[in-house]
Amino acid sequence: MVYLRAALKNVVVCAGLSLLSSRLCCSAFIPHPSLSCPRFNRKSRRTTTTSSPCSGAVPPFVDMETTSTIASDIINFNALDSYIHGRYAFMLPTATLVSTSCQLAGIGGAALFSPIFLLVFPFLGPEYPLETSGAALASALLTECFGFASGLTGFARRGLVDWSAAGQFVATSVPAALVGALSAQYVVSYPVLLRVIYAALMLGLASYLILAPRPEEIAKQAAEEECSIESIDLISEEEGDNTVRLKTAADGTEFSYLPLRKGSKRGTLVTVAGGSLTGLLGVGIGEVILPQLVRGCCMPLPVAAGTSVAVVVVTALSAATVQFLTLAAQVDGGGTLIEGLIRVVPWTLVQYTVPGVLLGGQLAPLLASKGWLSDEDIERFAATLFGIVGTAFTIKVLMG
């Protein structure tokens, strides 16, 4: 009886392995012709081993050599080792630092990634620079999208995004960003012009961080002036709308503010300028959206920040897509647009920058909540960094 149970167990197990091998086409479960096959003899009630190939029966063991090969393929430490020692491996911690710093300072990450790709990579060696300046700008925008998208998930999860207001801004910012993205292909063909623009941008951002009031100060000033109860009632009467918008966050906190004003020429022009600059250089739209939400709509800062990040993600992603598609259309050798797109994306670079900014997008809120770094320290660090980069671009322009 014991032998019968053992034989039945072998048959069931081996039948399952045969079925699995037929479904998965996995050679590890197919018996090797040279292997002996156990068979159950009913008369002697014993299991015997034959040297004939196992046709119609499957042994309770598998080809260990084949199994070992598959296991080594599944657990391929060489792939991990090549990733750790890859050409752009240093960009993983660099991207984390840049993303964390820029999000804490409220600046788009592309403002620093583009200078790194354009200015730092050539000094590292001939194998580091990307194929074109256009690829550097598009890669910076794509990296920024993932960084802000990581932050957006947190705002959305907490219910701190006014999607309606974000949609109104996107309707203006995206077309402007597309124009800026198309213009980028012409700007990059003139390296001196590109350096001049970046020198002005970096020095301008450094001045902006030093001189411009922080979002908290804007919100405080707006609460005391434009967004007082009397001002809100007066604005509502002038606009013919007495309804104040209410939004409840995931934790139950209620926020009240005015709906976004329509037909504001000044707001439209500022949004168009920010969108165009984002499409061209990867920075600008977030810096012009937040003040409009806080001052114009009296929107509380948590909701204004989340809504601004949503606009940045959509605008930057649209611009990055257009830039990469433009590069793909210029690829020689024929092929479809998708094939060209796969060829122009610097996968060896973005495989490090994207995880880095995703990590930075989570570290920035953590550091902000812990209060380990003061706002002044963050702004001072970012302003110094932008000033150094701007000075480097200026020297590059003067030296030719």
Side-chain angles (χ1 to χ4, degrees), residues 78-103 107-151 181 184-185 187-189 191 194-195 198 202 278-283 312-313 316-333 337-363 385 389 392-393 396:
N78 290 332
L80 178 60
D81 183 71
S82 62
Y83 180 82
I84 295 175
H85 297 90
R87 182 195 314 170
Y88 297 108
F90 67 94
M91 283 304 300
L92 179 60
T94 303
T96 303
L97 177 62
V98 169
S99 176
T100 304
S101 302
C102 288
Q103 292 206 32
I107 299 294
L112 277 180
F113 282 116
S114 294
I116 291 175
F117 300 159
L118 294 171
L119 198 63
V120 178
F121 279 9
F123 287 99
L124 299 179
E127 70 276 13
Y128 286 96
L130 302 179
E131 292 186 3
T132 62
S133 299
L137 295 180
S139 301
L141 266 175
L142 181 64
T143 301
E144 177 183 310
C145 292
F146 281 94
F148 274 99
S150 176
Q185 302 306 314
V187 174
V188 296
S189 60
L194 183 62
R195 292 166 188 165
Y198 262 107
M202 294 295 103
T278 298
L280 181 63
L281 301 175
V283 61
V312 171
V313 170
L317 181 60
S318 302
T321 302
V322 170
Q323 289 194 13
F324 274 121
L325 289 176
T326 304
L327 293 173
Q330 299 173 356
V331 173
D332 297 328
L337 188 63
I338 299 299
E339 292 174 347
L341 185 61
I342 294 175
R343 291 173 59 183
V344 298
V345 175
W347 302 107
T348 55
L349 173 62
V350 298
Q351 67 176 336
Y352 296 102
T353 58
V354 169
V357 296
L358 291 177
L359 180 59
Q362 301 303 314
L363 284 178
L385 195 58
V389 174
F393 269 110
K396 187 72 173 176

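This is a predicted model, so every value here is computed, not measured.
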Keeping the roles fixed (side chain from Y83, backbone from Q351), state whether a donor-acceptor pair exists under 3.5 Å.
yes
Examine distances only and state if a side-chain atom of Q185 and a backbone atom of G134 form a donor-acceptor pair shorter than 3.5 Å.
no
Any heavy-atom pair between the side chains of [Y] and [X] that's under 4.5 Å?
{"X": "L119", "Y": "R195", "answer": "no"}
{"X": "F113", "Y": "V357", "answer": "yes"}
{"X": "I342", "Y": "W347", "answer": "yes"}

Any chance you could measure [X], atom [atom1], to [Y], atom [atom2], to the nearest 0.5 Å?
{"X": "T348", "Y": "L130", "atom1": "OG1", "atom2": "CG", "answer": "7.5 Å"}
{"X": "L112", "Y": "L97", "atom1": "CG", "atom2": "CG", "answer": "9.0 Å"}
{"X": "L280", "Y": "L141", "atom1": "CG", "atom2": "CG", "answer": "9.5 Å"}
{"X": "T96", "Y": "L363", "atom1": "OG1", "atom2": "CG", "answer": "7.0 Å"}
{"X": "S114", "Y": "L137", "atom1": "OG", "atom2": "CG", "answer": "5.0 Å"}
{"X": "F90", "Y": "L124", "atom1": "CZ", "atom2": "CG", "answer": "5.0 Å"}

Where is the tightest heavy-atom contact between [X] and [Y], given as atom of each residue plus distance?
{"X": "G279", "Y": "A184", "answer": "O-CB, 4.4 Å"}
{"X": "A320", "Y": "A138", "answer": "CB-O, 4.2 Å"}
{"X": "P115", "Y": "F393", "answer": "CB-CE1, 3.6 Å"}
{"X": "P122", "Y": "P129", "answer": "CA-CG, 3.7 Å"}

Run the side-chain contact (heavy atoms from CB on, under 4.5 Å) test on I116 and V98 for me, step by step, so that the C-alpha distance in whole Å, both residues' side-chain angles and the decisive distance to 0.1 Å come before the verdict.
CA-CA 10 Å; I116 291 175; V98 169; 4.1 Å; yes
All pairs passing side chain to side chain donor-acceptor pair (under 3.5 Å) where residues 123-144 contributes a residue, at least two apart
T143-T353
Should the heavy atoms of other residues, nucleotides or ligands under 6.0 Å from CZ of F146 be counted, would the total exceed 12?
no
Set out, in order, the CA-CA distance, both residues' side-chain angles and the distance that settles ring pair (Phe, Tyr, Trp, His ring centres under 6.0 Å) for F121 and Y88, then state yes or no.
CA-CA 10 Å; F121 279 9; Y88 297 108; 5.3 Å; yes
